[in-house]
Amino acid sequence: MVLQGEVCRLRSVVSSDVGTILLWENDPALAAYSDPHPPYCREEIEQFVENQQLGFAANGQIRLMIEVGTDIVGAIDLFDYNAGGAEVGILIYPEQYRGKGYGRDALKTVQYAARSLGIDTLYATVEPQNSASKALFCSCGFVNFENNRYICRMKRIVAPSILSADFGNLERDTLMLNRSAAEWVHVDIMDGVFVPNISFGFPVLNAVTKVSTKTIDTHLMICDPIRYVEKFVKAGSDYVTFHYEAAEDIDACIDAIHNAGAKAGISIKPATEPSVLKEWLPKLDMVLIMSVEPGFGGQSFMPHSLDKVRELKQMIATLNPDCLIEIDGGISAANAAEVFEAGVDVVVAGSAVFAAPDPEAEIVKILNA
Ligand code: DX5
Ligand code: ZN
């Protein structure tokens, strides 16, 4: 594996009782390493893949060496891993290689591997505890949650917004989303009062839920949402998110959603600070940060939203690490990477998906940004 300023893409993972082999697509020799083994040649590795039965690393641990030219400059470890989580370790060996950016590439590479292995959360104990090592982990989406322990959620979800679908072909578009890599479908409900636009109501939502096999993520841009939350749960919403600015009794709204059997989210508009949500974070399942003024698809992303994501992420790390962060408005494959790196779990994308010549491919692009 060569990590000179680029992120290696994982090509395949072969697991067995013995361990795991990782193959990296930008390594011409497809060399996989693991202490104390020497490098293996391409033919050997391909044979192992074909036989589907051999691994290199010791059980529960993957060690990859970081090679620059012919020098081994460091190692990346993933250990104690299972689908729920894993510890990550990065060692940059000789002094002369430190501060060259290999650590960041290595960390991003191991994150890529973790996603491919279905690991939800990475944990790291950052040593030495200096500002450079902390900055490295923070720039890759880790947040501090206790002492020098850092946590990073790996799961990426894309929620295409059917606001941008073709309503004359809603069944076709919903079936396309069923086939796609998107896990959620985002449903925008606008009442023409809370926002200066009217979208659609229950008949359209019912048409989607009848066909959809995905998680239904309903975003209520309506005044006094408590009047309708139960109805939206009954209509098939798995998540119901209402606006902080639109609700009189936030607790009652969250409770009504939970009592009806769905997960509850609160959304904040671009001018609302995340700190206003502090007291409700322990019982929320999701916070939705609007990265455009709510009301219309196709607007430009507001960059200050990322500072809000980072602030919220830090609050969530101590108050309720299970709470998801969703972002909505102006997201495409061009900015999804920085959005995920800031700590977002769920990305809403309307026009970027539905205006693309190949929406399914676009969803994959956003996921792998
Ligand atoms: C805007 C809606 C968004 C919208 C996103 O008020 O909440 O969900 O559909 O559309 P794009 O991705 O086009 O900005
Ligand atoms: Zn929305």
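Position 1 is the first residue of the sequence, and the numbers go up from there. We count ligands from 1, going down the list as the structure has it; atoms in each ligand are counted the same way.
Ordered by chain and number, His186 NE2, Asp188 OD1, His219 ND1, Asp328 OD2 make up the set of protein N, O or S atoms under 2.8 Å of the Zn ion (ligand 2).
Considering only heavy atoms from C-beta on, Tyr239 comes within 4.5 Å of Leu324 through its side chain.
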- request: Give the C-alpha distance, both sets of side-chain angles, the deciding distance and a yes or no for salt bridge (charged side-chain N to carboxylate O under 4.0 Å, His left out) between Arg149 and Glu87.
  value: CA-CA 10 Å; Arg149 293 274 287 158; Glu87 289 281 333; 3.1 Å; yes
field: Full working for salt bridge (charged side-chain N to carboxylate O under 4.0 Å, His left out) between Glu362 and Lys365
entry: CA-CA 5 Å; Glu362 202 58 31; Lys365 260 196 217 162; 3.7 Å; yes
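No donor-acceptor pair under 3.5 Å is formed between the side chain of Asp238 and the backbone N or O of Ala262. For Lys214 (side chain) and Ala182 (main-chain N/O), a donor-acceptor pair under 3.5 Å exists by modelled atom type. A distance-only check finds a donor-acceptor pair linking the side chain of Asn178 to the backbone of Val211 [under 3.5 Å].
The residue from Val287, Thr272, Ile250 that alone fulfils the side chain to side chain contact (heavy atoms under 4.5 Å, CB included) condition with Leu277 is Val287.
Protein residues are said to neighbour a ligand when one of their heavy atoms lies under 4.0 Å from it; for ligand 1 these are Ser161, Leu163, His186, Asp188, Met190, His219, Met221, Met290, Pro294, Gly295, Phe296, Gly297, Gly298, Asp328, Gly329, Gly330, Val348, Ala349, Gly350, Ser351.
The nearest pair of heavy atoms linking Ser267 to Glu245 is O-OE1, 3.7 Å.
Judged by the 6.0 Å and 45° rule, Lys234 forms no cation-pi pair with Phe202.
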